[in-house]
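Chain A is the first sequence line, chain B the second, and so forth, proteins listed ahead of strands; every chain is numbered from 1. What you see is a predicted model; the values in this text were computed from it and never measured.
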Protein chains: 2
Amino acid sequence: MARVRLKDVAAACGVSPATVSLVLNEASDRIPATTIARVRAAADELGYTPNTVARSLRTRRTHTIGAVTDTLITTASSAPMVQGALDVAWRHDHLVLWLGTEDQPDHLRQAIASLVARQVDGFLVGAMYHRRLPFASLTQGIPTVGLNAVSDDPAAPCFVPDDFGAAHAAVRLLLDHGHRRIAHISEPHGDGLARQLRVDGFRAALSEAGLGEGRVLVPPHWHEGSGFAEELALRALDAPDRPTAIFAFNDIAAIGVYHAARRLGLSIPDDLSVVGFDDYVNVASELYPKLTTMALPHRRMGQLATEALLARLGVLDGEAPEGVTRVACPPVVRDSIAPPPRDR
Amino acid sequence: MARVRLKDVAAACGVSPATVSLVLNEASDRIPATTIARVRAAADELGYTPNTVARSLRTRRTHTIGAVTDTLITTASSAPMVQGALDVAWRHDHLVLWLGTEDQPDHLRQAIASLVARQVDGFLVGAMYHRRLPFASLTQGIPTVGLNAVSDDPAAPCFVPDDFGAAHAAVRLLLDHGHRRIAHISEPHGDGLARQLRVDGFRAALSEAGLGEGRVLVPPHWHEGSGFAEELALRALDAPDRPTAIFAFNDIAAIGVYHAARRLGLSIPDDLSVVGFDDYVNVASELYPKLTTMALPHRRMGQLATEALLARLGVLDGEAPEGVTRVACPPVVRDSIAPPPRDR
DNA sequence: TTGTATGCGTTATCAC
DNA sequence: GTGATAACGCATACAA
């Protein structure tokens, strides 16, 4: 019942353990085909699986990636990021030890330390929303890539959404439909980097179209749910010079806009066009009318970050990009945009 | 730059490696306090961290749990399950290697095999929706616990939602408000176990109330999104003897009911009460009116499963329960239930 | 071409 | 009380 070891395979086909090792690792090209076949057959028959911990001790490579992220649960969008990383790692014979820090102070440091003790080959340090995370000092020289997070080390490869570009594209979508009075509902100030980038993208698109600075509505402080956006939208839409389109910071804020429109008897998209951000599962696609929004490329980011890390580890060919890479956020066009109403 | 090893701290304080090991593992009570202090001090000063792979090779324990689940991404609810498992494992000095199989055939077997090669101490085999998963034969005698999945080995501990009880409770909620004509919108037949259990809970509650079998609406085949439920609800609500309340299989189906009500000019909850299931993030709480629903205890299940596994591994005291444990699904009461309209 | 010897960093079983 | 010493399972430089 005990697991079969290299030694057993060697004994079974009358060669030394060294030979078996050479054959199984394809480390020597000077072994006769007959022995190779014999060894392979024996290994197969006995069901030999190398003991990776012994191998790791010897090679100083665990083929394991340590991943540390803040809480996994608050945002539904985390799963694709994880899955993307898992996939790529698995495809290249690596496994990942995942740890959620739940944002407890000092937990990040502890988590990294315990992964260092496990001899992980590299680190993925991630955040569930795009922000700055000072991790360069913690990973003790082990190759590290930021995932949805920007490092304090400017050279560290980091993969984040292109919030600016996506906001710009979202506004262009509205402009192309003929809208001229477009407002942006933002989120409260915080440590997230997306807020400012989306505001900037919004403003850039408007200003390029010769429409000035644009109107940005910012809730005074953070609230759970769409309530804050609803209030903001209500006030903006109830005024004489109301916007014909709203670009919402995210899909939740867009829900607030929908609620406000309903309360005011405005029809989307006939009276008001709306664009969201994030493409939340079961949200954007289930609103009535279905919400046009910018998708966060979480899965792609997870894949890219892991590929970059594997490149730095030498298991993949090619160079890992230095510094921050912005990943495109594709638009998901649904039913919430139409040309603006003729007159008012 | 090289990491400091046990040998180094032994040399630093003039004792043998064996002694250091004994001290650091508190394995002997016959070591004088002075040596203990000396060793501790040296270890601290040098920043010694045990190499866990060497330790694992020796102790045959990796303090690592292998977790295999089908795809992580299709359901948003997966993250709490993962987080719950990670938390408990971490709290007891264990780490988890997570693998998503993406439902590719044979991938489950491969995933388990590669985790076995890593010498994981135990397995968590999970599904993202409650179903049967034949994994007992794959885990090669390594302790295994099912997470949202039922094993083919009746003795294997498995943790699943109490779908029957929750459906029963949901219907009781409606009955207590005075409803008598209650319909259930189910999902199409598939390999999920929740469907039948929720139907059974629905029927049991009605029959206990002397209301017969109840009306169960089943879509003929699977569709993405809420469309199927909308059609079903539309037909039921447009008939002369329409239900005053609908218990939906899940929150997505509940959205379909909302859409149908809107199209028919029925007001929720005044004309129609609705109860959902799953408590999807950003869905149930953002509908108008906010949806009353039964929460899936994903996080709790993740925790319980991991605790059971650790108990089987001897790192936690207590026994792991044998067989299937049903975990309660707490109701989340919001605004979608009211007494039925007086007459019609 | 294959086998022998040694080391990877621990823990554990002994003597001393 | 403490220190040699032998595993743990594998990889590899070198010898044969």
Any chance you could measure B:Ser21, atom OG, to B:Glu26, atom CD, to the nearest 0.5 Å?
-> 11.5 Å

Quick one: A:Leu57 CG to C:dT10 C1', roughly how many Å, whole number?
-> 8 Å

d(B:Gln119 CD, B:Asp121 CG) to nearest 0.5 Å is 9.0 Å

Test B:Tyr129 against every option in B:Asp70, B:Asn148, B:Asp191 by the side-chain hydrogen bond (donor to acceptor under 3.5 Å, both in side chains) rule and name the one that passes.
-> B:Asp191

One should read off an interatomic distance between A:Arg118 CZ and A:Leu99 CG, to the nearest 0.5 angstrom, of 9.5 Å

When you measure from the side chain of A:Arg60, which nucleotide among C:dT10, C:dC8, C:dT11 comes out closest?
-> C:dC8

What are the bounds, 5' to 3', of the part of DNA chain D that sits under 4.0 Å from heavy atoms of chain A?
-> D:dG9 to D:dT12

Atom CG of B:Leu22 to atom P of C:dT13: distance rounded to whole Å?
-> 11 Å

Apply side-chain contact (heavy atoms from CB on, under 4.5 Å) to B:Thr139 and list each qualifying residue two or more places apart in sequence or on a separate chain.
-> B:Ile112, B:Phe123, B:Thr144

Starting from the 5' end of DNA chain D, give me the residue, B:Ala18 or A:Pro17, whose nearest nucleotide shows up first.
-> B:Ala18

Name the nucleic acid region contacted by A:Arg58, choosing base, sugar-phosphate or nothing; use a 4.0 angstrom heavy-atom cut-off, strictly under.
-> base

For A:Arg118 and C:dC8, give me the distance from atom CZ to atom P, rounded to whole Å.
-> 22 Å

Assert: residue with more 5' nearest nucleotide on DNA chain D, out of B:Ala54 and B:Ser16, is B:Ser16

Heavy atoms of other groups near A:Asp317 CG, more than 12 under 6.0 Å | no

Which part of the nucleic acid, if any, lies within reach of A:Pro50 when heavy atoms closer than 4.0 Å are counted: base, sugar-phosphate only, or nothing?
-> sugar-phosphate

Just checking A:Leu6: base, sugar-phosphate only, or nothing, at a heavy-atom cut-off of under 4.0 Å?
-> sugar-phosphate

How would you label the contact of B:Ser56 with the nucleic acid (heavy atoms, under 4.0 Å): base, sugar-phosphate, or nothing?
-> nothing

Mind calculating the distance between CG (B:Leu24) and P (C:dA12) to the nearest angstrom?
-> 13 Å

Within the structure, does a side-chain N or O atom of B:Thr59 lie under 4.0 Å from either OP1 or OP2 of C:dT11?
-> no

Could you grab the distance from atom NE2 of A:His63 to atom CG of A:Leu310, nearest 0.5 Å is fine?
-> 10.0 Å

With a non-hydrogen cut-off below 4.0 angstrom, is B:Val53 in contact with a base, only sugar-phosphate, or nothing?
-> nothing

